[in-house]
Structure formats: C-alpha cells, structure tokens
Amino acid sequence: MAKFELSLGSFTLKVGRDSTTANKATSLPIPNALNYGSTSIEYIGGRLVFKDINDKNGSQLYATCPPLNYILNQKALLHNNGKIKLVNPSTLIEPKIKVARFEEYERLLRLPNPLQTEHQFRAQINTTLDLYPFCAVLKIKPIGFNVPAQLWALPSQYLEIERNDKMLFAESVQDMIKTVKFRYGKTVTTLDKDSLYFFTSATASFDDMFAPQPPLEAIKPHCVNIINILESRQSIIQNRGAEGILSSGAKDSSSVIPIEPHEKEELHNDWAQYGLLKGQRRIVISSAVVQWSQIGQPFNQLQLLEQYKDDVMGICAGLNFKFQLLPQGTETAFNNQNKAYSAQYRDGVIPQADNYIRQYNDCVEAAANGVLHTVDYTETLNELVDRKEESEIRKNNTQSLLTQFTNCLIKYDEAVMELGNKEINPAFKGKFFNELPPDEQKLFMNYGRQTNNANQATDQGNTGQENQSDQGSQNN
C-alpha cells in the first residue's frame with residue numbers, strides 16, 4: 001500500500017493506493033474539504049489543494065473592519081432610541097394598574113439576563129442579524145411559569161446545528177432541526193431545541209429555507225477590501241524605506257565603480273531600518289564619494305483613500321445606512337443632519353424595529369398571556385423635526401384649504417378638521433362658503449388677502465437674501 005500521510009497539529013489525513021491493483025484506487029474516505037486554523041485542504045479530483053482562508057465570519061469582520069463596526073453600532077444605538085411599551089392587546093393602551101403578568105414581562109424586558117440590560121440585549125440581536133442568518137435566543141422558563149425568567153442571545157459562531165430533511169412540511173423551525181450544540185472552547189453543551197427561538201432578519205431566503213441570507217454576505221468583499229487597504233497603509237508607513245540614497249560617486253577612467261555584492265547585501269539588510277516612524281532612519285548613507293539620489297514614491301497613485309471611501313459606501317448601501325451620517329459623508333444630499341437621521345429612521349430603523357418587536361412578542365409568548373409589546377419612536381422623531389419647516393408647511397396647508405373653502409370645494413368643518421383642529425364653530429358647521437352671511441364671507445376673504453401678502457413679502461425677502469449672497473460670492 002503506497003500511502004501519503006499529512007499531519008496538521010492533531011489532524012491527520014491519509015490517502016493511499018494498493019500497488020497490487022494497478023488501476024484501482026483504494027483511498028480512505030475523506031470529506032471534500034478540511035479546515036485547520038487558517039489553512040484549508042480540499043480533495044478535488046484525486047488531488048490535494050492547499051489554500052489560505054481569507055473568508056472571515058461575521059464576528060471576525062465586526063472586530064477587524066472599522067467602518068462595519070461603526071455602522072452596526074450606530075444602527076444599534078438608533079434602534080434603542082425606540083421606547084418599548086407593554087400595552088393591552090385589545091386597546092393598545094398601557095394599563096394604569098399593572099397586574100402581575102405585566103410586571104413579570106416588564107422585569108424580563110428591562111433585565112433579560114444577569115449580564116445584559118434591555119438595550120444591550122436588543123443591540124446584540126439586531127447586530128447579529130446583520131452578520132449571521134439568525135440569532136438564537138435561549139429561553140429559561142421554570143416549570144409551572146408562563147413567563148420566561150431569562151433570555152440569552154447566543155453567539156451564532158459557537159452554535160452547531162444538525163439539520164434533518166424536513167423542510168417543505170415543517171410547522172416550525174424546530175421541525176427542521178435534529179440537534180443543537182453550543183461549543184465554546186473545549187466545552188460542548190447540547191441544547192433543548194424547543195427552548196430556542198430563532199430571530200431572523202426581514203430579508204429573502206433563496207439558498208436556504210432555514211434562514212434568510214444576512215446582509216453581510218453581499219458586502220463581504222467590501223469589508224475584506226477595507227481590511228487589506230488598512231494593512232497596506234500600515235505597511236507603507238512602517239516599511240516605506242528611505243527618502244533618498246547617499247551613495248558612492250567614485251568613477252574610474254571608463255565608468256562608475258560598481259557596488260560590491262557584500263555592500264548590496266548590507267544595504268538591503270539596512271533598508272528595513274528606514275521609515276517615518278519614531279526611531280527609524282530616514283537617510284541611507286554609503287561610504288566613499290557621496291552623491292544624493294531622491295527616491296520618489298507616488299503613493300497617491302495607489303488611490304487607497306478613494307477605494308476606501310467607495311467600499312465604505314458599498315457597506316452603507318448593503319446595510320441600509322445613510323452614508324451622510326458617517327464622518328466621511330461630507331458631500332450630503334440633505335440640508336442638515338436632522339433630515340438625514342429622519343430618513344434613516346423612516347427607511348431603516350423603524351422597519352427593523354417592527355420586525356424585531358413582532359418576533360420578540362412571539363418569543364416570550366406575550367399574546368398567550370394577554371400582553372403586547374410595542375415600540376414607539378415618536379419622541380425621537382419629534383426632536384428631529386425642523387420647526388421652521390413645519391411652520392412653513394402648516395402655513396401653506398392653511399392657505400390651500402382656505403382657497404378650497406372660498407371656492408366652495410369643501411365645507412368649513414372639513415377644512416378645520418384637515419388642519420387637525422377639533423374645535424369647530426357651530427355657526428359654520430356643515431356649510432359651504434356661499435352659504436355664509438356676507439359679513440362672514442368678507443372676513444374670510446380679508447384673511448386670505450393678508451396671508452397672500454405675507455407670503456409674497458417673505459418670498460421677496462428670501463429672493464433678496466439669495467441675490468446678496470450670490471453677489472458676495474462673485475465679489476469674493
């Protein structure tokens with residue numbers, strides 16, 4: 001038996017062929033790929049292929065890609081600005097007097113486990129869903145109790161899930177699972193699959209029916225590019241070498257005297273000592289007659305900063321995060337940061353929070369116990385409102401409704417209610433403009449003219465300011 005044996009630490013792979021059977025291979029059964037540390041060994045077409053793994057998992061990219069880390073942390077902070085309330089499912093109102101089950105759910109919400117607060121728990125789940133297909137939450141519920149005592153969000157990289165073939169006719173995620181193990185270091189714990197709840201993101205499932213594809217999968221190339229760019233910049237700073245060379249200018253009758261081989265070797269060995277860091281040399285010095293040779297290194301041609309910014313924008317797009325909210329987002333399409341934050345809440349935070357709170361209610365079996373959790377961002381959104389812009393909008397709406405009313409397109413009470421007012425003058429209720437007494441009609445007409453004059457004066461003032469601004473720019 002001719003045999004090839006490969007050992008990697010405690011891992012041994014053997015492949016062999018019986019020499020007595022000329023054309024028949026009797027190889028030991030091995031998997032298609034074996035992983036050990038950062039090395040991958042694949043068995044393809046009877047050949048061993050070695051390669052280095054550059055595909056990091058979610059937690060590794062989160063720890064080594066600064067923009068990804070920052071964006072996910074910002075998303076978690078924005079999500080946590082929503083206030084979670086416990087309400088009655090039928091009225092959607094917080095009870096004035098909370099019964100025992102409300103107090104139990106309130107305690108679980110504010111302190112899901114001994115190591116995490118409400119905000120830490122929410123941040124871990126939402127961040128995990130951007131990095132992994134799911135976030136498994138272990139529910140600790142004592143026998144005889146309806147409300148879980150603790151909730152633990154398990155790190156996905158430590159879970160080992162053995163699946164079964166039941167997919168199309170499964171009634172729950174648990175029906176698709178055979179066993180679940182939690183491996184941390186040398187400790188392996190088998191978990192009760194019925195005690196687990198799997199949070200998933202609101203994205204589509206294509207390759208796997210068990211869980212949707214996380215947003216990270218599409219932006220991994222951007223994350224790897226950024227890590228490589230940072231490593232390149234660090235290498236340039238540490239190992240860029242000298243700024244120039246002082247060398248021999250000695251010549252004989254025919255040419256420049258060449259440098260001896262041992263002198264070249266010494267020069268190469270010394271090269272690593274030069275750079276821009278503190279303690280590094282900046283000039284190469286050689287013996288004999290001295291002449292200076294400048295070393296030009298046009299690092300800007302590498303366009304590392306441009307590539308970095310492009311990759312950051314790709315990560316923002318993949319994670320549904322406004323690039324304008326980053327320190328690099330100087331070229332903004334928004335007039336101010338409040339508009340950018342409002343757009344982020346509308347397009348990303350609130351939909352993600354709605355997905356989270358629905359699954360949280362399902363996880364803790366809130367509906368079965370007559371409780372409903374809701375998340376509200378009203379207070380935060382009110383802080384982002386531009387009061388001047390809000391006043392301008394209300395003024396325009398008032399003028400529009402007044403025009404419709406005086407042209408007999410709507411009734412008085414319809415106009416008042418459209419403005420959000422609840423108090424309606426009984427004398428005008430249910431009447432069109434032409435049904436009012438002449439004196440009242442004159443009152444509305446005068447108010448309309450005053451409003452138009454005020455708007456025109458404001459427009460002229462804004463135009464004058466813009467002209468002065470333009471003239472000042474031209475003079476400068």
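For the residue pair Asp362 and Tyr197, the shortest heavy atom distance occurs at OD2-OH, 3.0 Å. Closest approach of Ala149 to Leu108, counting heavy atoms only: O-CD1, 3.9 Å. Annotation for Asn320 and Asp347: closest pair ND2-O, 2.9 Å, computed over non-hydrogen atoms. Nearest approach of Pro133 to Pro214, heavy atoms of both residues: N-CG, 3.8 Å. The shortest heavy-atom contact between Thr128 and Cys135 is CG2-CB, 3.7 Å. Across every non-hydrogen atom of Phe121 and Pro112, the tightest pair is CB-CG, 3.5 Å.
Not one N or O on the side chain of Gln150 forms a donor-acceptor pair closer than 3.5 Å with the backbone of Asn113. In this structure a side-chain-to-backbone donor-acceptor pair under 3.5 Å is present from Tyr132 to Ser59. Gln213 contributes no side-chain N or O that, together with a main-chain N or O of Thr203, makes up a donor-acceptor pair within less than 3.5 Å. For the pair Tyr377 (side chain) and His79 (backbone), a donor-acceptor distance under 3.5 Å is present. The backbone N or O of Gln174 sits less than 3.5 Å from a side-chain atom of Lys193, completing a donor-acceptor pair. Without hydrogens or angle criteria, Ser156 side chain to Phe134 main chain gives a donor-acceptor distance under 3.5 Å. Here the side chain of Lys139 pairs a donor or acceptor atom with the backbone of Cys363 at under 3.5 angstrom. Proximity of a side-chain donor or acceptor of Asn225 to a complementary backbone N or O of Pro221 within less than 3.5 Å is detected. Under the 3.5 Å distance criterion, the side-chain polar atoms of Asn382 are matched with a main-chain donor or acceptor of Thr378.
Rounding to the nearest 0.5 Å gives a distance of 3.5 Å between OG1 of Thr117 and CD of Gln120. Atom CD of Glu94 and atom OG1 of Thr91 lie 10.0 Å apart (nearest 0.5 Å). Between atom CG of residue Asp192 and atom OG1 of residue Thr179 there is a gap of 12.0 Å, rounded to the nearest 0.5 Å. Note that the NZ atom of Lys322 and the OG atom of Ser342 stand 11.0 Å from one another [nearest 0.5 Å]. Expressed to the nearest 0.5 Å, how far OH of Tyr158 lies from CZ of Phe182 amounts to 7.5 Å. One distance of note links CG of Asp376 with NZ of Lys85; it measures 4.5 Å at 0.5 Å rounding.
The aromatic rings of Phe199 and Tyr356 sit parallel, their planes meeting at an angle under 30°, below the 60° perpendicular limit.
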Determine, step by step, whether Glu118 and Arg122 satisfy the salt bridge (charged side-chain N to carboxylate O under 4.0 Å, His left out) criterion, reporting the C-alpha distance in whole Å, the side-chain angles of both residues, the deciding distance to 0.1 Å, and the verdict.
-> CA-CA 6 Å; Glu118 171 196 349; Arg122 291 166 61 181; 2.9 Å; yes
In sequence, state the C-alpha distance, the side-chain angles, and the governing distance for Tyr105 and Asn369, and then conclude on side-chain hydrogen bond (donor to acceptor under 3.5 Å, both in side chains).
-> CA-CA 10 Å; Tyr105 275 111; Asn369 293 294; 2.8 Å; yes
Trace of the salt bridge (charged side-chain N to carboxylate O under 4.0 Å, His left out) decision for Glu160 with Lys181 | CA-CA 5 Å; Glu160 298 178 1; Lys181 294 181 180 179; 5.8 Å; no
Check the pair Ile71, Leu325 against side-chain contact (heavy atoms from CB on, under 4.5 Å), reporting the backbone distance first and the verdict last.
-> CA-CA 9 Å; Ile71 291 170; Leu325 297 179; over 6 Å; no
For Leu372 and Thr374, what are the C-alpha separation, side-chain angles and deciding distance, and is it a side-chain contact (heavy atoms from CB on, under 4.5 Å)?
-> CA-CA 7 Å; Leu372 181 67; Thr374 62; 4.2 Å; yes
Under the side-chain contact (heavy atoms from CB on, under 4.5 Å) rule, what do Glu217 and Lys220 come out as? Steps first, then yes or no, please.
-> CA-CA 6 Å; Glu217 288 300 317; Lys220 269 188 177 181; 3.6 Å; yes
After noting the C-alpha distance and the side-chain angles of Val137 and Leu151, does the key distance pass the side-chain contact (heavy atoms from CB on, under 4.5 Å) rule?
-> CA-CA 6 Å; Val137 173; Leu151 298 175; 4.0 Å; yes
Steps toward side-chain hydrogen bond (donor to acceptor under 3.5 Å, both in side chains) verdict (Asn355, Gln352) = CA-CA 5 Å; Asn355 177 64; Gln352 186 177 12; over 6 Å; no
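Taking 4.5 Å as the limit, some side-chain heavy atom of Ile125 sits within range of a side-chain heavy atom of Leu129. The shortest side-chain heavy-atom distance between Leu319 and Lys75 falls under the 4.5 Å cut-off. Contact check for Arg101 versus Asn146: no side-chain heavy atoms found under the 4.5 Å cut-off. Contact of the Leu61 side chain with the Asn57 side chain is not registered, since no non-hydrogen atoms from C-beta on lie closer than 4.5 Å. Side chains of Pro67 and Tyr308 form a contact here, defined as non-hydrogen atoms less than 4.5 Å apart. Annotation: side chain of Ile315 is in contact with side chain of Cys223 (closest heavy-atom distance under 4.5 Å). With contacts defined as side-chain heavy-atom distances shorter than 4.5 Å, the pair Trp152/Pro114 qualifies. Residues Gln116 and Gln124 have side chains in contact (heavy-atom distance under 4.5 Å, counting atoms from C-beta outward).
Between Glu106 and Arg110, at least one side-chain nitrogen of the basic residue sits less than 4.0 Å from a carboxylate oxygen of the acidic one, meeting the salt-bridge criterion.
Within 6.0 Å of CZ in Arg358 there are 12 or fewer heavy atoms belonging to other residues, nucleotides or ligands. Sparse packing is recorded around CD of Glu171, with 12 or fewer heavy atoms of other residues, nucleotides or ligands lying under 6.0 Å away.
When each of Val312, Leu230, Ile227 is tested with Pro66 by the rule side-chain contact (heavy atoms from CB on, under 4.5 Å), just one qualifies, namely Leu230.
Neither side chain, Gln307 nor Asp310, offers a donor N or O lying under 3.5 Å from an acceptor on the other. No donor-acceptor contact under 3.5 angstrom links the side chains of His119 and Asn80, judged on distance only. Side-chain contact check for Asn81 and Tyr345: at least one donor-acceptor pair (N or O, by modelled atom type) lies under 3.5 Å. Side-chain atoms of Asp130 and Tyr62 form no donor-acceptor pair, as typed in the model, at a separation below 3.5 Å.
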